[in-house]
Amino acid sequence: MKMAGRKQIWQHPWSYIESYLIALGLLLAGFLIEFSTGAGTIEIPAWPGNGIILFICIGLLLLVHFFFRRMHFVKWLSSVPAAISAISAFAFLVMLMAVFPQESQVGRTTSPFGFDHIVQSWPYMLVMLYFLSSLGLVTLKRFFPFTRRNLGFFINHAGLWIAIVAGSLGTSDMLRLTLTLQEGQANWLATDASGLEHELPFAIKLLDFSLEEYEAKIGILDNPKAELFMDENNHPFYASKGNTGNLLGRDVKVLDYLPTAGKVSDRYEPFLGFGAPPAAWVEIINQKNQESKIAWLSCGNFMHQPDYVKLDSNFSLIMIPPEPKRYRSEVFILSEEKGDTISIEVNKPYQVAGWKIYQLSYNERMGRYSETSVFELVRDPWLPLVYIGIFMMMAGAFYLLFTGKRREL
Amino acid sequence: MNWINFSIYAEICGILWLASIVILLFKSKKPVYTAIATGMVYVGILVLGSFIVNLWLTLDRPPMRTLGETRLWYSFFLSIIGIVVYHRWKYKWLLAYSLGMALLFLMLNYFNPEIHSKSLMPALQSPWFVPHVIVYIFAYALLAASSLVAVYSLFHEYFLNQKKDVLPIADNLVYIGFAFLTLGLLFGALWAKEAWGHYWTWDPKETWAFLTWLMYLVYIHFRHSKPHLTKGPLWTLSLAFVVLLIAWFGINYLPSAQFSVHTYGMGN
Ligand code: HEM
């Protein structure tokens, strides 16, 4: 290779060969340690342990930068070859994650080399240490002394460092709990993934759960398999009044659609009561013999039987239960400072006392008539730091967008 | 449907953009022509924009609930990003490309009116949805272009024994594409926090996109340290393209599963 020139390997300054050997060595060492320690997951300590780790890391980086930066080793660590080998090793581990399913969290792993819990494995820890040292040192190298020309470089590299470090150290302080409430019920205890109860600094009372649905669709049921049948030519379509579709050689026209209906002998009428399912009045014309038939379809629900039309021994025309459009909970939240009636829905979490409350689920069997709401509660005290990193990188991306590659001579 | 006069707006906008694409690709030497072409892009954006405003007012809510409504925003912002990037970097084919994509989404709505109302599950009904997807479309378009340029040059080098100095073009494409890819990842993270409670969960989609990001990161740094090498960077770009393809199809494929048979089992 040209780049090595006359230089012997391991003779300074180190370049790509040495960097890649070191990255490879770290990966191998990591997998060996992982294997010999018996596939446990590595847990990052919670506060204040992770705070101390952060403090030591920043201290070490500053120390090395200001007192040892003229050492060959340090110069190499903040050079592009080291950076590229670190990024490659990281990419290799990410590829393992993209290929092998990750068990994620809570003990119980089966892969002796840690393939199913990469982010909590030894090779990951060693590679991240290498990656973050390299990234940290080069950021400092270009930050002191600071020039405007280095602004783009700084927000990109420092932003990435902050986001990764805060995100990784913060995992152990993050709490994700779920809380299930019936309408009228209140609680201040929520459970984590392992079933442990945690006390919240506020109480939540579910006042009302409400769910809006899309219109139901009409489709084909494969009777023997008891599942929905669908292909290029047979797509379920909305049962809106006046809509037409073509399924299995039949023209299907929707004469009427009732979002909530009650059955009266063999017809359906609009009905608003609890548990009323949707129903559609359809005309079915067989294209082969022009035979026409008019019938009621209903998907039924937890209280009512469905109504469908048998087309032949294998297939039936059915109504598919409507999909949820939006759902939300009216809740009363009582914290030490105040009580508030608010509404929480998907994509619109509510923030209180360092927690975010998410609308997670409901009683899916009962759909729009669910009187149960399931919330997720998340506390992540490191989030602001992660966001600082993310916003720096966003600014950095705009910077790249408008400057492009700088032509150096 | 309740899409008042959509076909008229779509036809005007479609004709303007189509004409503009033709001029950009075939008649673009004289400044007069490019001025006409960009002018038509702007008028098209205005027409589509006024339709969106109109729809917003009639529906009395932001039109962001259905797949069809979302496609309107794709068209709208793809054309805007296309013209902004064009003014900065002067790549005519890129403007033509983004107009083509914008046109595609517009035509999907035009020819499939019933799809207007295809339902979006609640988690997708977010102000982040549209920027996240558009920025990704753009990033992938640019990065794919850079890799094609690389493959083209490798082909010339190995089979025709000619040198093509494409790296400066590839660099620019990668820088802009990489910036969009970064934005896509970060928008995705911010949205995930709002919708699912955590900003990064290493799900397969995220993981492949991140891997793609790392590949181009290697390219950027390699070019920085060895500006005079050509084959290494070119091979890196070609390899990155393979990863990108996996990420691309992964991303297009997975969300679609949410709209199908999945939801059927729920009600039973
Ligand atoms: C957000 C991600 C990143 C972006 C956008 C980015 C971008 C860049 C750019 C554009 C340069 C050219 C230098 C210049 O501006 O003059 C550069 C240089 C460099 N980057 Fe990165 N980079 C990123 C991540 C990393 C990482 C993860 C590492 C290390 C592990 C790294 C290490 C380096 C090094 C060592 C240089 C050379 C600095 C010098 O020669 O002074 N970068 N980077």
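Note that the structure is a prediction, hence the values are computed from the model and not measured. In the text below, chain A, chain B and the rest are named by the order of the sequence lines, each starting its count at 1. All values below come from the heavy atoms of this structure, side chains included, with hydrogens, waters and symmetry mates left out.
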In the structure I gave you, are the side-chain heavy atoms of [X] and [Y] within less than 4.5 Å of one another anywhere?
{"X": "Y199(B)", "Y": "D380(A)", "result": "yes"}
{"X": "N347(A)", "Y": "P122(B)", "result": "no"}
{"X": "F402(A)", "Y": "Y175(B)", "result": "no"}

Item to check | Portion of F187(B) that has a non-hydrogen atom of chain A nearer than 4.5 angstrom | outcome: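 Both parts, heavy atoms under 4.5 Å.
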Next on the checklist: Please classify the contact between W128(B) and chain A as side chain, backbone, both or neither, with a heavy-atom cut-off of under 4.5 Å.
Outcome noted: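 Contact with chain A is absent: no heavy atom of W128(B) under 4.5 Å.
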Checklist entry - Passes side-chain contact (heavy atoms from CB on, under 4.5 Å), Q125(B) versus V346(A)? Steps please. => result CA-CA 8 Å; Q125(B) 297 168 21; V346(A) 183; over 6 Å; no
So for [X], is it side chain, backbone, both, or neither that comes closer than 4.5 Å to the heavy atoms of chain B?
{"X": "M366(A)", "value": "neither"}
{"X": "I118(A)", "value": "neither"}
{"X": "K325(A)", "value": "both"}
{"X": "A83(A)", "value": "neither"}

Next on the checklist: Can you confirm whether the side chains of Y16(A) and S225(B) place a donor and an acceptor under 3.5 Å from each other?
Outcome noted: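 There is such a pair between these side chains.
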Checklist entry - Would you say the ring centroid of F90(A) lies under 6.0 angstrom from that of F210(B)? => result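 When the ring centroids of F90(A) and F210(B) are compared, they turn out to be within the sub-6.0 Å range.
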Next on the checklist: Which residues pass the side-chain contact (heavy atoms from CB on, under 4.5 Å) test with T207(B), not counting sequence neighbours?
Outcome noted: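 Per chain and number, T207(B) pairs via side-chain contact (heavy atoms from CB on, under 4.5 Å) with V94(A), M97(A), A98(A), W202(B).
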Item to check | Contacts of type side-chain contact (heavy atoms from CB on, under 4.5 Å), residue A141(B), not counting sequence neighbours | outcome: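 Only Y97(B) meet the side-chain contact (heavy atoms from CB on, under 4.5 Å) criterion with A141(B).
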Item to check | Top contributor to chain A interface from A179(B), A189(B), P227(B) [non-hydrogen pairs under 4.5 Å] | outcome: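 Top count of heavy-atom pairs under 4.5 Å with chain A: A179(B).
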Item to check | Choice from L183(B), L181(B), V174(B) maximising heavy atom contacts with chain A below 4.5 Å | outcome: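 Looking at each option in turn, the highest pair count goes to L183(B).
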Quick check: closest heavy atoms across [X] and [Y], and the distance to 0.1 Å?
{"X": "A397(A)", "Y": "T182(B)", "result": "CB-CB, 4.2 Å"}
{"X": "W196(B)", "Y": "R176(A)", "result": "O-NH2, 2.7 Å"}
{"X": "H224(B)", "Y": "V80(A)", "result": "CD2-CG2, 3.9 Å"}
{"X": "M394(A)", "Y": "L190(B)", "result": "CE-CD1, 3.3 Å"}
{"X": "V218(B)", "Y": "S88(A)", "result": "CG2-OG, 4.2 Å"}
{"X": "L401(A)", "Y": "I176(B)", "result": "CD1-CG2, 3.3 Å"}

Item to check | Presence of salt bridge, K348(A) and E194(B), under 4.0 angstrom | outcome: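 Not counted as a salt bridge, because no side-chain N and carboxylate O are separated by less than 4.0 Å.
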Next on the checklist: To the nearest 0.5 Å, what is the distance between NE2 on H198(B) and OH on Y358(A)?
Outcome noted: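 Taking NE2 in H198(B) and OH in Y358(A), the distance rounds to 10.0 Å.
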Next on the checklist: Quick check for you: among V378(A), L400(A), I84(A), which has the greatest number of heavy-atom pairs under 4.5 Å with chain B?
Outcome noted: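 Among V378(A), L400(A), I84(A), the one with the most close pairs to chain B is I84(A).
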